[in-house]
> 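To start, I am sharing the structure in question, which I have written as structure tokens.
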Amino acid sequence: MIDVLIGAIVWSNLLVLLALGLTMTYITTGVPNFAQASFAIVGSYIALTLLRLIGLNPYLSIPVTFILGGILGISTYYIALKPLIKRKASIEMLMIATLAWDLILFGIIGAYSEVLSAITKKTETLFVFTSLDFNIYGIPGRLVVSSLLVLLTILGLYLLLYKTKFGIALRASMENPSLAEAMGINVENTRLFSWFLSGALACMAGSVLPYLQEIIPQTGYFIVVSIFAASIVGGLYHIVGALVGGYIIGVSESLFTYILSILLGPGVLVYSKVISLLMMIVTILLHPRGITGTEMWRRVERWLNL
Amino acid sequence: MEKLNSGYGKLQILFDIDLEVPKGEITTIVGPNGSGKSTFLKSLFGLTDIYSGRVTYEGRDITYTPPHEKTKMGISYLPQTNNVFTNLTVRENLRIAGYILNGDELEERINFALEVFPELRGILDRKAGSLSGGQRQMLAMATALVRKTRILMLDEPTAQLSPKLAQVIFDKIVELRDNYDITPILVEQNAKRALEISDVGYMFVSGRVAYGGSAKSLLNHEKFQSYFLGVVGIEEC
Ligand SMILES: Nc1ncnc2c1ncn2[C@@H]1O[C@H](COP(=O)(O)OP(=O)(O)O)[C@@H](O)[C@H]1O
Ligand SMILES: [Mg+2]
């Protein structure tokens with residue numbers, strides 16, 4: 001049972017990191033990025049590569065995955081989206097572009113895993129880091145590291161968004177890009193920044209994910225549902241939504257699966273995404289702006305003077 | 001501006017607008033709803049499609065100068081709605097207004113804006129979204145002051161304000177002209193009262209200039225009276 005809880009928190013932490021990026025790029029660029037989960041798997045493979053080739057512990061390679069992930073995020077914006085935005089493409093076209101980009105990444109990941117297998121003479125199309133994890137007084141490293149990453153990310157984002165001029169400009173651009181432009185803010189820079197951060201956080205989460213579950217090149221297709229559910233249930237129009245949604249979806253998925261597997265046997269694990277899908281659909285039908293878009297949330301905010 | 005033709009995409013709204021804004025005076029544009037007043041301000045600022053004509057500012061052709069460049073030249077445009085960032089505090093709104101300034105200069109400009117709008121001093125840490133209509137309008141005008149505005153375009157700044165508050169805003173506009181060397185361009189539904197504080201008045205009808213001259217002459221003009229007096233009468237009771 002305690003293992004289930006630990007797994008639930010680690011999974012929620014990673015979902016928060018992944019959903020944060022999805023929400024931020026949605027706010028700045030107006031397009032849901034279907035390649036977000038593949039960003040994470042790219043991160044997993046970067047960590048695996050550094051482990052195999054130079055023996056670097058995946059936790060220690062996080063700064064590298066962070067930066068490479070940022071570059072991946074910016075490339076996504078520049079290559080897949082910006083040319084279309086310039087030609088005034090509709091939101092549907094942009095969505096299809098991210099879907100296409102996702103397929104490209106999937107292809108690259110698949111091919112790369114074969115290449116890596118050939119180099120290392122191991123099967124790299126399926127791997128885990130679980131045996132590499134450390135332990136502090138019985139607390140597994142993945143719990144410590146993923147929680148630290150979320151805390152650092154939130155603290156960093158808070159300081160950036162509320163205490164720096166660039167951050168205020170970023171919030172201004174998110175709320176009203178044309179007014180921000182009129183104030184002399186380069187809104188394009190804020191967009192680039194959101195894509196950098198989105199890719200960076202996703203790859204970072206991806207380098208921790210193999211401590212929690214097996215990675216195969218198709219893993220992205222399983223987790224993309226959870227990421228979207230987290231962002232949508234929390235509210236796609238509010239950065240804090242990713243935080244709220246990440247924990248709700250992460251914990252519900254883990255506990256739901258656990259209970260079902262006790263009742264019906266381990267075969268049900270495959271269906272763990274049903275709960276996320278359901279919660280996402282209910283949110284879209286009943287309150288498309290998610291939890292952070294409700295009047296009650298606004299009252300909480302006012303009360304906290306946020 | 002000369003013979004300005006503009007609109008949105010293929011939809012032309014303004015036709016052959018000839019209009020001059022004298023420096024240091026208040027120019028007010030009145031006209032019925034949908035006559036293109038807002039579109040006119042947007043065209044000046046560069047937010048519409050301009051098909052022909054010219055806009056000049058101090059001898060420079062700025063017809064196709066992008067909005068953020070105009071901001072740097074000292075031209076500000078405050079739209080009718082969404083003219084402040086509601087998720088940001090008053091202080092943050094003022095800081096972001098001076099985004100292009102460096103630290104010391106920014107502080108100096110914010111202090112200056114707060115001298116003109118001392119009403120904002122007590123609410124610096126409130127979110128702009130929680131302000132009253134009058135406070136919000138003052139904040140919007142203060143942000144323009146932070147940016148060292150020379151020309152201040154205001155789209156219906158007194159809409160939805162009580163007559164008393166509207167008068168406060170009008171007084172501020174006069175103060176900006178008299179004490180701070182700013183040239184306000186005003187679009188108003190509160191036509192009569194706006195023209196009373198103005199120097200120059202234009203009346204738009206269906207995207208064309210129906211009348212242009214001194215504000216006093218427009219107030220007394222028969223076209224103006226036939227269009228507006230009934231409406232103004234209702235507004236003032
Ligand atoms: N963004 C827009 N796209 C297309 N048409 C618009 C847009 N904004 C205003 N219009 C049209 O332009 C005309 C003039 O509107 P506007 O300039 O707002 O008039 P006013 O401010 O005098 O009430 C109206 O017919 C309006 O429907
Ligand atoms: Mg208007």
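All values below were derived from every heavy atom in this structure, side-chain atoms included, with hydrogens, water molecules and symmetry-related copies excluded. All values reported here derive from a predicted model rather than from experimental measurement. The chains referred to below are lettered A, B, ... by the order of the sequence lines, with proteins before strands, and numbering in each begins at 1.
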> Nearest 0.5 Å, please: how far is CG in A:N176 from CZ in B:F85?
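It is 5.5 Å, given to the nearest 0.5 Å.
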> Measure the CD-OG1 distance between A:E181 and B:T71 for me, rounded to the nearest 0.5 Å.
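OG1 of B:T71 is found 9.0 Å from CD of A:E181.
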> What distance separates A:M183 CE from B:R147 CZ, expressed to the nearest 0.5 Å?
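If I round to the nearest 0.5 Å, the distance is 4.5 Å.
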> Against chain A, label B:S130 side chain, backbone, both or neither, depending on which of its atoms sit under 4.5 Å from a heavy atom there.
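Answer is neither: B:S130 stays 4.5 Å or more from chain A.
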> More than 12 heavy atoms of other residues, nucleotides or ligands under 6.0 Å from CG of B:D104: yes or no?
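Check fails, neighbour count at 12 or below.
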> So what's closer than 4.5 Å to chain A heavy atoms on B:V146: side chain, backbone, both or neither?
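Looking at B:V146, nothing touches chain A.
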> Sort B:L101 into side chain, backbone, both or neither according to what part of it lies under 4.5 angstrom from a heavy atom of chain A.
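Only the backbone of B:L101 comes within 4.5 Å of chain A.
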> Find the distance between CG (A:N186) and OH (B:Y99) and round it off to the nearest 0.5 Å.
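It comes to 8.0 Å.
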> Using heavy-atom distances under 4.5 Å, tell me whether B:F45 contacts chain A through its side chain, its backbone, both, or neither.
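Only the side chain of B:F45 comes within 4.5 Å of chain A.
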> Considering only heavy atoms from C-beta outward, does the side chain of A:R171 approach that of B:N87 to under 4.5 Å?
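The answer is no; the side chains never approach within 4.5 Å.
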> Around atom CD of B:Q160, are there more than 12 heavy atoms from other residues, nucleotides or ligands closer than 6.0 Å?
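For B:Q160, atom CD is not crowded (no more than 12 foreign heavy atoms under 6.0 Å).
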> Mark yes or no for whether B:E92, through its side chain, and A:I168, through its backbone, hold a donor-acceptor pair below 3.5 Å.
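Not confirmed, B:E92 side chain does not pair with A:I168 backbone.
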> Would you indicate whether the side-chain heavy atoms of A:I185 and B:I96 approach each other to under 4.5 Å?
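Answer yes - side chains close enough.
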> Is it true that atom CZ of A:R87 has more than 12 heavy atoms of other residues, nucleotides or ligands lying nearer than 6.0 Å?
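Open: at most 12 neighbouring heavy atoms sit under 6.0 Å from CZ of A:R87.
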> Between B:N83 and chain A, which part of the residue has a heavy atom less than 4.5 Å away: side chain, backbone, both or neither?
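Backbone of B:N83 only, per the 4.5 Å heavy-atom cut-off to chain A.
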> Select, from B:T89, B:N82, B:I100, the one with the greatest count of heavy-atom pairs under 4.5 Å involving chain A.
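Heavy-atom pair counts peak at B:N82.
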